[in-house]
Structure formats: C-alpha cells, structure tokens
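Since the structure comes first, as structure tokens, the remarks are kept for the end.
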Amino acid sequence: MNRFPLIQRYSIFVDLPEHSRLITLSEGYTPLIPLPHIANHLGGSFHLYAKYEGLNPTGSFKDRGMTAAISEAVGRGAQTVICASTGNTAASAAAYASRAGQKAVVLIPEGKVAAGKLAGAVAYGAQVIQIAGSFDDALRMVVQISERHPIALVNSLNPYRLEGQKTAAFEICDELGKAPDWLCLPVGNAGNITAYWMGFKQYHEYKATGFPHILGVQAAGSAPLVLGHPIDHPETIATAIRIGRPARGEQALQAAEESGGKIIAVSDQQILEMQRALASEGVWVEPASAAGLAGLADEIQKGKFDPKGKCIVAVCTGHGLKDPDIIAKSMPAPQRIPAEIDALEDLILG
Ligand code: AN7
C-alpha cells in the first residue's frame, strides 16, 4: 500500500504555509480495534473501538501534530524547537526535530515523567531539562523564551500542531464511513480534544460525515475543566495528563458543549482498572490513554448514558511501553522457579 505522509494524504484539509518542508516518520494510519469484551461488560449491543494511537512512530498521537509543526518550523528556517511536556510531546518533538536537523530542547516537570518517554527524548537526541516545578510552570517558561528568541514553540499552542492532529478525526470518518456517535478521549492540555472537534467539523463540511458527541475525560486529581478553575498542584498516576492549567481549556469546553458532549473526571483507580481491561483485550496503553474509556464506563455504569445501538470510539493516545513502571508497581512480580522441568510442571499444572 502506498502510504502518503498524513499531511499530504489530507493536504486539502491541513492548513500549512507554503514555506513548509515536509518532515515525516510515516505517522498516522492507526487502526480502529474493536473491543467486544469491554463492550459486553458494559452491557453489550453497541460497537466500541479503540483508536490505537500508541502505534505512531514515537508511540503516541503527538506525532500527528509534530509532523506538521516541525515541517512548518524547519521550512521557515528555525534551527531550534522547544516544548514543555509531560513526556510524549517531548519524545515526539525530539524525534521530528532530529529528523529535520534541528536542535530540540524539552522541559519536563521534575520526577513525574514516565521512563519510556524520557528515554525516547534522550535517545532522539534532545536536550532534556527538568524543572523544579509542574508542567504548567514549564509551559509558561517555553512560551516566554520563544517570544524572546528565535526558538520555535511546538506545544499545541502552535496552531500547526492542531492542523496535524485533526487528521485522526479524518481517519476515523474514512474507516467508519461517517463520524462515530460518541468519541471519548483523555484531556490534559486540551490540544487533542480541540483538534478532533475542528477535524470533525471540517470533514463534515466537505463530506457530510456528521458529528460525534465528545466525552473528554480528566483525572480526578487534575481536573481543572471539571472543577472550573486552575489547579496549582495537580496529581494523578496518569502523569501524561497531570496538567492544572490547560492551554486550550476554553476550546475544550466549547468542543464538549457544541458537540452535545461533556467533560468529566475519573479516579486513578478507574483509570488503572480500564488500563487492565484494555490489556486483557490485547491493547496495552499507558494510564492516561485509558482515561477516555474509563469515563465512558463510568457514565454507563452510573446509568447516565445508554450506549445501546451506538458506535463509540475511544482514543487510546499512547502505548503501554511508555510507562512500564506502572505495571511493575501495580502487578505481581514474575514467579521464580529453578530451571527444571518438574518445577515448571508443578507450577503450571499442579
Ligand atoms: C498519552 O506530552 O501534554 O489534552 O506534554 O501524552 O492534547 O494535552 C501529553 C498529553 C493524553 C492529553 N494522552 O492530550 C505532553 C502532553 C496522552 C498524553 C494526553 C497526553 P492533550
């Protein structure tokens, strides 16, 4: 199959300046994986899919936006790019910047970035800086420095990030033949929910694909959009969405409202339970990536939402390999036996 780079595949919908120079790692084209067991567990009689964004080149949905942001930045001659990140943006920026021959500087909050993300950023050659503060502090700093110096900001405040991320909505419509009835996804800095809503609206204009209701899901300890005010010390095991001042919070609320959806919060325990449920269907995601579906389950189980007959897509934003420690901490250690067949038989048959 001839796989065009995303921003060529959807070139008429993706608004990038003339000067852009294509930088791609063959991102996108991620599968919609049916989740029949979870659907059954939630009452059955509806179609449930995971949009498995963990299969992007650096293991998260961020690559869709990064191909666009870096293509624009390198085309206008930017030699250095910078971002604040809870991890995935850092790894993605590092990879695409390296590919473009640029320097990447990434600021991460102290001690809260999952091992697979940090390792990625380092492996791709970024300058990784930990700050004694939160993601929100880091974001404030990178915005300021990009205003003072010719350093390109590649957080989702950069509009080209959203241009790229919209393509996930197009792919879903192409595969289903129309928009799903509901789309649920985790919300951190709120770039992705904003991009999806832009994407569905734009595709509908051209292709009459319809609109999903959007269910945005935050972690209870980091739920500024649910509480209605910023959080100074956000906490959650889902470190990807440990964000107290979402840069695109207003747009996220608007996306939820306009789509007839909503933004809710779930507990860390619900997130980890859904991470396990997804893994038991063969889809291993990092904790934040299970939040969208955990939110859907919560709505159904509390009787607030009847999924009967609906087509629902849960965006699983990042791969489980990103955060292996969480599994080591919350799951039993491997059983240890002597290297003898008798011991093996005793253990698994006895
Ligand atoms: C796996 O990498 O903010 O609401 O700095 O890594 O668009 O922020 C990551 C966010 C969901 C939330 N799932 O998306 C970062 C960062 C995963 C993520 C989100 C993130 P947004």
Side-chain angles (χ1 to χ4, degrees), residues 30 50-56 58-66 69 82-95 104 106-109 112-114 116-118 120-121 126 128 131 134-139 142 153-158 161-162 164-166 168 184-199 214 216-219 222-225 234 236-253 255-256 263 271 275 278 284-295 314-323 326:
T30 58
K51 176 72 171 161
Y52 192 21
E53 290 286 274
L55 296 183
N56 275 294
T58 79
S60 86
F61 73 99
K62 303 286 182 183
D63 295 341
R64 292 179 186 277
M66 211 52 77
I82 196 164
C83 66
S85 181
T86 56
N88 279 324
T89 304
S92 186
V106 304
L107 267 64
I108 58 172
K112 301 285 183 178
V113 170
K117 303 176 189 177
L118 189 52
V128 180
I131 60 151
S134 66
F135 167 84
D136 306 287
D137 296 319
L139 185 60
V142 297
L153 179 72
V154 294
N155 279 103
S156 59
L157 284 166
N158 177 325
R161 279 278 310 279
L162 302 193
Q165 280 174 214
K166 287 187 310 193
C184 47
L185 80 173
V187 176
N189 211 25
N192 210 29
I193 185 171
T194 303
Y196 266 101
W197 187 232
M198 285 167 61
I214 297 191
V217 185
Q218 303 207 285
S222 307
L225 299 179
T236 169
I237 197 152
T239 52
I241 52 172
R242 192 170 160 269
I243 293 175
R245 292 174 191 274
R248 292 193 181 267
E250 284 303 316
Q251 283 163 283
L253 292 167
I263 298 185
I271 289 173
Q275 185 192 28
L278 278 161
W284 182 28
V285 304
E286 65 165 287
S289 304
L293 196 47
V315 183
C316 291
T317 43
H319 202 288
L321 284 167
K322 290 282 191 162
D323 195 356
I326 208 91

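Counting convention: from 1, in listed order, for ligands and their atoms alike.
- Between Ala90 and ligand 1, not a single N/O pair is under 3.5 Å apart.
- At a 3.5 angstrom cut-off on N or O pairs, Glu286 does not count as close to ligand 1.
- Taking every heavy atom of Val187 and a limit of under 4.0 angstrom, the matching atoms of ligand 1 come to 4 (O).
- Near Ile243, meaning under 4.0 Å from one of its heavy atoms, ligand 1 places the atoms 3 (O).
- Each of the following atoms of ligand 1 lies closer than 4.0 Å to a heavy atom of Phe135: 5 (O).
- Under the 4.0 angstrom criterion for non-hydrogen atoms, Lys62 is in contact with ligand 1.
- Just one residue in the list Cys83, Ser92, Ser85 forms a side-chain contact (heavy atoms from CB on, under 4.5 Å) with Lys62, and that residue is Ser92.
- Ligand 1 is approached by Ala190 to a heavy-atom distance shorter than 4.0 Å.
- Close contacts of ligand 1 with Ser85, meaning ligand atoms under 4.0 Å from a residue heavy atom, involve 2 (O), 5 (O), 15 (C).
- Considering backbone and side-chain atoms together, Asn88 places an N or O closer than 3.5 Å to an N or O of ligand 1.
- The two residues Val315 and Glu53 have their closest heavy-atom pair at CG1-CG, 4.1 Å.
- Looking at every heavy atom in both residues, Ile241 comes nearest to Ala288 through CG1-CB, 4.0 Å.
- Gln165 approaches Asn192 most closely through the heavy-atom pair NE2-OD1, 3.1 Å.
- Atoms of ligand 1 lying under 4.0 Å from at least one heavy atom of Asn189, given by number and element, are 4 (O), 8 (O), 21 (P).
- Heavy-atom contacts of Gly191 reach the following atoms of ligand 1: 4 (O), 7 (O), 21 (P) (cutoff under 4.0 Å).
- Atom CD of Glu286 is separated from atom CD1 of Ile237 by 12.0 Å, given to the nearest 0.5 angstrom.
- The closest protein non-hydrogen atom to atom 7 (O) of ligand 1 is Asn192 N, 2.8 Å.
- At a 4.0 Å cut-off, at least one heavy atom of Pro186 sits close enough to ligand 1 to count as contact.
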Give the intermediate values and the outcome of side-chain contact (heavy atoms from CB on, under 4.5 Å) for residues Thr30 and Lys51.
-> CA-CA 7 Å; Thr30 58; Lys51 176 72 171 161; 3.0 Å; yes

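- In this structure, CD1 on Ile108 lies 12.0 Å from CZ on Phe135, to the nearest 0.5 angstrom.
- Counting protein heavy atoms only, atom 14 (O) of ligand 1 is closest to Phe61 CZ, 3.4 Å.
- A distance-only check finds no donor-acceptor pair linking the side chain of Arg64 to the backbone of Lys166 [under 3.5 Å].
- Each of Leu278, Val285, Thr317 was compared with Tyr52 under the side-chain contact (heavy atoms from CB on, under 4.5 Å) criterion, and only Val285 meets it.
- Checked by atom type and distance alone, the side chain of Arg161 pairs as donor or acceptor with a backbone atom of Val154 at under 3.5 Å.
- Listed by number with element, the atoms of ligand 1 under 4.0 angstrom from any heavy atom of Thr89 are 2 (O), 5 (O), 15 (C), 16 (C).
- Every atom of ligand 1 is numbered from 1 in the order shown, and the set under 4.0 Å from a heavy atom of Ile241 is 11 (C), 12 (C), 19 (C).
- The backbone N or O of Thr58 sits less than 3.5 Å from a side-chain atom of Asp63, completing a donor-acceptor pair.
- Residue, atom and distance of the protein heavy atom nearest to atom 13 (N) of ligand 1 are Thr317 OG1, 2.6 Å.
- In this structure, the protein non-hydrogen atom closest to atom 5 (O) of ligand 1 is Thr86 N, 2.8 Å.
- By the criterion of a heavy-atom distance under 4.0 Å, the side chain of Ser289, and not its backbone, is placed next to ligand 1.
- Distance check: Leu107 CG to Ile131 CD1 gives 5.5 Å after rounding to the nearest 0.5 Å.
- Heavy atoms of Val285 come nearer than 4.0 angstrom to ligand 1 in no pair at all.
- Taking CZ of Phe61 as the start and NE2 of His319 as the end, the distance is 15.5 Å to the nearest 0.5 Å.
- Residue, atom and distance of the protein heavy atom nearest to atom 18 (C) of ligand 1 are Ala240 CB, 3.5 Å.
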